[in-house]
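Working notes for the structure below.
No experiment lies behind these values; they were computed from the predicted model shown.
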Amino acid sequence: MRDLGGSMVEEVDGIRRSKFGKTIHSDPNMSMVSPVGEDDLCLRHSSASTNASGPSFSEPSRSSGEGSPMTMSPWNQTSHFNKSLSMPLDDENVPPNSLIGSLTREEGHIYSLAASDDLLYTGSDSKNIRVWKNLKEFTGFKSNSGLVKAIVISGQKIYTGHQDGKIRVWKVSVKKPGIHKRAGTLPTLKEILKSSIKPSNYIEVKRKRSLWIRHSDALSCLSLNEEQGLLYSASWDRTFKVWRTSDYKCLESVHAHDDAVNSVVSSSGDMVFTGSADGTVKVWKRERVKRGTKHTLSQTLLQQECAVTALAINNPASVLYCGSSDGLVNFWELEKGLAHGGVLKGHKLAVLCLEVAGNLVFGGSADKTICVWRRDSNIHTCLTVLTGHTGPVKCLAAEKDQEVRKEQRWKLYSGSLDKSVKVWSVSEYAQIGSVQQSQQQQVVGYERESPPSAESYSSGRNYGRY
């Protein structure tokens with residue numbers, strides 16, 4: 001049993017499940033739409049709850065922990081954000097830094113998000129991948145492979161990483177965009193059979209023999225390098241693997257850390273970054289060799305007691321951000337030889353996810369909030385703290401939105417263990433004047449704070465898997 005930001009959860013078969021709270025039985029409304037395998041189920045369109053709310057801009061001094069224990073309990077689903085607007089807001093009338101919608105499907109905690117071309121893909125521990133469009137459920141598909149830990153999109157292909165250590169590849173039907181069919185599983189059956197013949201292809205993992213091309217524990221993260229045609233997968237088995245997207249072949253497996261690898265990020269250059277529960281951030285240099293790739297350790301950027309929980313890099317790759325279980329976000333500047341730029345503060349508990357969009361940096365946390373920082377050169381200013389979730393914020397995704405009154409807006413999606421996805425409209429420059437003054441303590445600093453206590457959130461190495 002673990003303590004997630006004050007919320008008790010227990011692990012059953014490696015999956016975190018709530019210890020308390022009411023049991024809700026939902027109808028996933030599934031149907032077979034074509035002769036498909038058990039791992040290629042498609043979901044019929046169904047009417048999910050689509051809710052919106054008024055402005056949700058919060059003062060930086062206010063946190064989502066305020067209020068009565070009953071109201072703010074992560075297992076209490078009766079929040080004012082579940083009330084629908086009688087009149088939907090158009091783009092011109094949406095206030096900056098506000099909640100514009102809430103997507104709820106009572107079928108499991110939200111563990112992964114990916115957004116592309118006005119479509120939002122959400123993964124949960126229900127094994128379903130839901131697809132949303134314009135704040136309404138568009139379609140969905142299902143894999144019988146367990147909790148969906150990661151989703152990345154490349155054109156008409158969707159890659160999903162799962163609790164069972166496998167990667168599923170899905171293709172969108174050209175004629176019927178609502179249909180997603182499974183195109184493959186990584187590693188492929190052909191490659192498994194071919195590799196199993198040679199004894200040299202087996203390695204020992206946790207006192208068991210396993211093929212090096214297979215992850216022997218839960219997959220934690222996926223990172224796509226479309227320029228190189230490579231897909232990176234990170235796992236709790238302490239490795240990251242490199243896959244060629246053209247034929248789904250596993251090119252390389254790297255034993256990267258002494259504990260679970262929680263995040264992997266591939267830059268546009270030849271560098272790959274990994275973050276682990278062992279408290280380190282490592283830099284790997286990629287080389288192209290005859291049979292595929294070769295990654296060698298270049299340097300260790302960070303070494304600390306608390307777990308590294310999330311990594312993100314901006315576009316174009318100039319700044320690397322690292323979230324930790326102590327609630328801090330470190331960053332390094334690639335243009336300055338990976339010099340340490342500073343620390344972003346704002347969260348009270350572990351940072352569980354990071355997203356970078358334009359000049360904005362978003363951090364989701366076990367404290368149920370989302371911090372929004374804006375980068376100007378190497379100075380980061382905390383613009384606002386978004387509140388509304390009643391559980392830890394587990395994943396984030398952002399898309400460029402329309403300009404409103406010459407202000408660049410971003411559409412931010414946040415997935416939480418409260419089983420909801422919230423949609424926010426965030427501006428790069430709105431409300432700076434009123435926020436800056438009271439947020440000076442959250443602007444870049446070099447001093448470090450003590451990690452949160454074990455009672456509030458597990459920050460030790462033995463509890464650093466995310």
What are the two closest non-hydrogen atoms of [X] and [Y], and how far apart are they?
X: Leu352; Y: Pro392; answer: CD1-CB, 3.8 Å
X: Tyr159; Y: Leu222; answer: O-CD1, 3.9 Å
X: Ile100; Y: Ser425; answer: CG2-CB, 4.0 Å
X: Ala115; Y: Leu120; answer: CB-CD1, 4.2 Å

Q: Please test Trp424 against Ser98 for side chain to side chain donor-acceptor pair (under 3.5 Å), starting from the C-alpha separation and ending with a verdict.
A: CA-CA 6 Å; Trp424 314 81; Ser98 63; over 6 Å; no
Q.
Atom CG of residue position Asp376 - does it have more than 12 heavy atoms of other residues, nucleotides or ligands inside 6.0 Å?
A.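 Enclosed: over 12 neighbouring heavy atoms sit under 6.0 Å from CG of Asp376.
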Q: Answer yes or no: does atom NZ of Lys171 have more than 12 heavy-atom neighbours from other residues, nucleotides or ligands under 6.0 Å?
A: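 Check fails, neighbour count at 12 or below.
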Less than 3.5 Å apart, any donor N or O on the side chain of [X] or [Y] sitting next to an acceptor on the other?
X: Glu333; Y: Ser318; result: no
X: Trp284; Y: Thr274; result: yes
X: His389; Y: Ser414; result: yes
X: Ser154; Y: Glu226; result: yes
X: Thr139; Y: His180; result: no
X: Glu399; Y: Trp410; result: no
X: Ser233; Y: Lys241; result: no

Q: Evaluate the ring planes of His340 and Trp332, with Trp represented by its six-membered ring, and classify them as parallel (under 30°), tilted (30 to 60°) or perpendicular (over 60°).
A: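 The arrangement is perpendicular - the two ring planes meet at more than 60°.
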(Q) Taking the ring of His295 and the ring of Phe240, is the distance between their centroids below 6.0 Å? (A) yes
(Q) Less than 6.0 angstrom separating the ring centers of Tyr111 and His162, yes or no? (A) no
Q) With His215, which of Ser253, Ser235, Ser220 fulfils side chain to side chain contact (heavy atoms under 4.5 Å, CB included)? A) Ser235
Q) side chain to side chain contact (heavy atoms under 4.5 Å, CB included) with Lys282: which of Leu301, Val272, Leu297? A) Leu297
(Q) Show, in sequence, the C-alpha distance, side-chain angles and deciding distance for Thr122 and Trp132, and conclude whether the side chain to side chain donor-acceptor pair (under 3.5 Å) test is met. (A) CA-CA 8 Å; Thr122 62; Trp132 309 81; 3.1 Å; yes
Answer yes or no: is there a donor N or O on one side and an acceptor on the other, between the side chain of [X] and the main chain of [Y], under 3.5 Å?
X: Ser325; Y: Ala307; answer: yes
X: Arg238; Y: His257; answer: no
X: Asp125; Y: His109; answer: yes
X: Ser124; Y: Ser126; answer: yes
X: Asn314; Y: Val319; answer: yes
X: Ser263; Y: Leu311; answer: yes
X: Ser416; Y: Asp418; answer: yes
X: Asn128; Y: Arg130; answer: no
X: Ser365; Y: Asp367; answer: yes
X: Arg375; Y: Ser377; answer: yes

Q) Under a 4.5 Å cut-off applied to non-hydrogen side-chain atoms, are Ser420 and Arg105 in contact? A) no
Q) Is there side-chain contact between Thr390 and Lys368, with at least one heavy-atom pair below 4.5 Å? A) no
Q. Listed by chain and number, what are the side chain to side chain contact (heavy atoms under 4.5 Å, CB included) partners of Lys166, not counting sequence neighbours?
A. Asp164, Arg168, Thr185, Arg214
